[in-house]
Amino acid sequence: MTTTELIENYPGFPQGVTGDELSRLMEEQAKRFGLEVVPEHVVEVKLEGTKKIVKTEERSYLSQALIICTGTEYRKLGVPGEKEFAGKGVSYCATCDGAFFQDNQIVVVGGGDSALTEALYLTKFGKQVTIIHRRDALRGTKIYQEKVFTNPKIKLLWNSVIQEIKGDSIVKSIVVRNVNTGEVTEHQIDGVFLFVGLLPRTQFLKGLVDMDEEGYILTDQNGQTSVKGIFAAGDCRKKLVRQIATAVGDGATAACSSEKYLELKE
Ligand SMILES: Cc1cc2nc3c(=O)[nH]c(=O)nc-3n(C[C@H](O)[C@H](O)[C@H](O)COP(=O)(O)OP(=O)(O)OC[C@H]3O[C@@H](n4cnc5c(N)ncnc54)[C@H](O)[C@@H]3O)c2cc1C
């Protein structure tokens with residue numbers, strides 16, 4: 001949420017709200033009711049009877065009930081150069097890095113809503129924004145497609161995939177393959193933004209709670225996972241719509257469910 005520039009579909013904000021501001025307001029409100037935030041990274045969850053041991057890089061926490069809401073992360077392309085040039089011209093967040101590419105040649109990879117909205121946002125900075133898509137039609141919402149097709153700064157490269165990202169200390173070019181003809185071309189560029197899907201951040205729970213084949217956590221309608229006392233909420237859950245409004249709803253459900261679980265245990 002914090003990396004989304006303008007959120008226009010969250011109730012209560014008729015003019016929209018920045019992801020940063022909405023996050024700040026939610027945190028401030030929750031702190032008024034006793035929320036404590038610990039900036040640590042969870043690496044493992046283990047069971048000790050009915051107790052849950054949450055291990056971070058720094059220490060361990062013992063809890064009776066646990067709500068997992070670790071969201072998703074960007075799917076990687078998995079091509080040579082991607083890892084090497086991450087933060088040096090390869091990015092997964094236009095609002096975080098777009099301003100570094102003033103008057104530059106920018107490439108966006110993907111064809112869904114994220115790719116289209118981020119490409120539109122990047123036209124604020126880039127000289128030209130080229131969207132590379134592996135198919136011959138976009139997947140994103142019609143309104144974003146129309147905006148993309150009519151924006152003079154945006155060019156589309158259809159039926160194409162990036163084969164390699166090249167550079168020295170920073171990105172200098174990409175090698176592109178046409179999936180229909182097999183033709184390989186090299187393009188001089190300054191920045192490449194990758195929006196090829198999302199993956200749940202649930203690796204640290206593998207083998208503990210039931211998940212689908214992609215790693216999304218399976219829950220019942222109360223947010224309960226396959227382990228009693230472990231609940232899941234938000235984007236890391238298997239569900240139809242992944243938005244802030246649905247994540248907030250999941251959070252409220254999981255909080256009430258865990259409260260009930262604790263009451264019944266006592
Ligand atoms: C580009 C983009 C634009 C979007 N625009 C909109 C929009 O306009 N409107 C809308 O409603 N939705 C939008 N969404 C979707 C929305 O951001 C998500 O649905 C929402 O943020 C989900 O909330 P969440 O709390 O489940 O996960 P997140 O917001 O992803 O939060 C997960 C949190 O868990 C933390 N975390 C992860 N792993 C660990 C770990 N191991 N240990 C400790 N902490 C961890 C992360 O650091 C993060 O703080 C957009 C998404 C993207 C990618």
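Being a predicted model, the structure only gives us computed values, none of them experimental. Both backbone and side-chain heavy atoms feed into the values below; hydrogens, waters and symmetry mates do not.
Between Gln188 and Gln105 the shortest side-chain heavy-atom distance does not fall below 4.5 Å. Contact of the Ile7 side chain with the Leu22 side chain is registered, since non-hydrogen atoms from C-beta on lie closer than 4.5 Å. Residues Ile170 and Lys172 are in side-chain contact: their nearest non-hydrogen atoms beyond the backbone lie under 4.5 Å apart. Inter-residue side-chain proximity for Asn222 and Lys260 is flagged as unmet; no heavy-atom pair is nearer than 4.5 Å. Val43 places none of its side-chain heavy atoms less than 4.5 Å from the side chain of Phe204. Two residues are said to be in side-chain contact when any heavy atoms from C-beta on lie closer than 4.5 Å; Lys228 and Lys265 fail this criterion. Under the 4.5 Å side-chain criterion, counting only non-hydrogen atoms from C-beta, Thr130 is not in contact with His187. Counting heavy atoms from C-beta on, the side chains of Gln243 and Tyr10 never come closer than 4.5 Å.
With values rounded to the nearest 0.5 angstrom, Asn104 atom CG is found 9.5 Å from Ile189 atom CD1. Considering CZ of Phe100 and CG of Asp190, their distance stands at 14.0 Å, rounded to 0.5 Å. Separating the CZ atom in Arg139 from the CG atom in Leu116 is a distance of 8.5 Å, to the nearest 0.5 Å. Rounded to the nearest 0.5 Å, atoms CG (Asp113) and CD (Gln145) are 9.0 Å apart. To the nearest 0.5 Å, the span separating CD on Glu164 from CD on Glu82 amounts to 12.0 Å. Rounded to the nearest 0.5 angstrom, Leu120 CG and Tyr144 OH are separated by 9.0 Å.
Judged by distance alone, with hydrogens and angles left aside, the side-chain atoms of Thr219 form no donor-acceptor pair with the main-chain N or O of Ala232 at under 3.5 Å. Between the Lys153 side chain and the Gly126 main chain, a donor and an acceptor come within less than 3.5 Å of each other. Formation of a donor-acceptor pair under 3.5 Å by the Thr202 side chain with backbone atoms of Gly215 is found in this model. Of the possible donor and acceptor atoms, none in the side chain of Thr141 sits under 3.5 Å from a partner among the backbone N and O of Ile143. Not a single donor-acceptor pair under 3.5 Å links the side chain of Thr123 to the backbone N or O of Tyr121. Using modelled atom types, one side-chain atom of Arg201 and one backbone atom of Thr72 make a donor-acceptor pair closer than 3.5 Å.
Cluster membership for Leu77 and Val90, using ILVMFWY side-chain heavy atoms within less than 4.5 angstrom, is shared. Residues Val161 and Leu194 do not share a hydrophobic cluster, defined by chaining ILVMFWY side chains whose heavy atoms lie under 4.5 Å apart. By the criterion of side-chain heavy atoms lying less than 4.5 angstrom apart, applied directly or through intervening Ile, Leu, Val, Met, Phe, Trp or Tyr residues, Tyr261 is not grouped with Ile217; the two fall into different hydrophobic clusters. Clustering ILVMFWY residues whenever any of their side-chain heavy atoms sit less than 4.5 angstrom apart, transitively, puts Phe231 in a cluster other than the one holding Val42.
Atom NZ of Lys206 has more than 12 heavy atoms from other residues, nucleotides or ligands within 6.0 Å. Atom CZ of Arg242 has more than 12 neighbouring heavy atoms from other residues, nucleotides or ligands inside a 6.0 Å radius. Atom CD of Glu259 has 12 or fewer neighbouring heavy atoms from other residues, nucleotides or ligands inside a 6.0 Å radius. Annotation: Glu58, atom CD; neighbour count of heavy atoms from other residues, nucleotides and ligands within 6.0 Å is above 12. More than 12 heavy atoms of other shown residues, nucleotides or ligands fall within 6.0 angstrom of atom NZ in Lys76.
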Query raised in the report: Lys88 and Val171: side-chain contact (heavy atoms from CB on, under 4.5 Å), yes or no, with the steps?
Result: CA-CA 6 Å; Lys88 298 170 187 162; Val171 168; 5.6 Å; no
Query - CA sep, side-chain torsions, deciding dist, call: Leu156, Val148, side-chain contact (heavy atoms from CB on, under 4.5 Å) - result: CA-CA 9 Å; Leu156 282 122; Val148 159; 4.0 Å; yes
Report task. Run the numbers on Tyr74 and Leu198 for side-chain contact (heavy atoms from CB on, under 4.5 Å), then give the verdict. Result -> CA-CA 5 Å; Tyr74 292 107; Leu198 300 163; 3.7 Å; yes
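Applying the side chain to side chain donor-acceptor pair (under 3.5 Å) test between Glu28 and each of Lys31, Arg24, Arg32 identifies Arg24 as the sole match. Considering Asp250, Asp210, Asp212 as possible partners of Lys238, the one that fulfils the salt bridge (Lys or Arg N to Asp or Glu O under 4.0 Å) test is Asp212.
Classified by interplanar angle (parallel below 30°, tilted 30° to 60°, perpendicular above 60°), the ring pair Trp158/Phe149 is tilted.
In this structure, Arg237 and Tyr216 approach most closely via the heavy-atom pair O-CD2, 3.7 Å. In terms of heavy atoms, Ser60 sits closest to Lys55 at OG-CG, 3.2 Å. Minimum interatomic distance between Gly110 and Ala115 (heavy atoms only, all atoms of both residues): C-CB, 3.5 Å. For Ile67 against Ser258, the heavy-atom pair with the smallest separation is CD1-OG, 3.7 Å. Residue Lys166 comes nearest to Phe85 through the heavy atom pair C-CE1, 3.9 Å, listed as atom of the first residue, atom of the second, then distance. Across all their heavy atoms, Leu208 and Ser226 have their closest contact at O-OG, 4.3 Å.
In the model, Ser91 has a side-chain atom that pairs as donor or acceptor with a side-chain atom of Asp97 under 3.5 Å.
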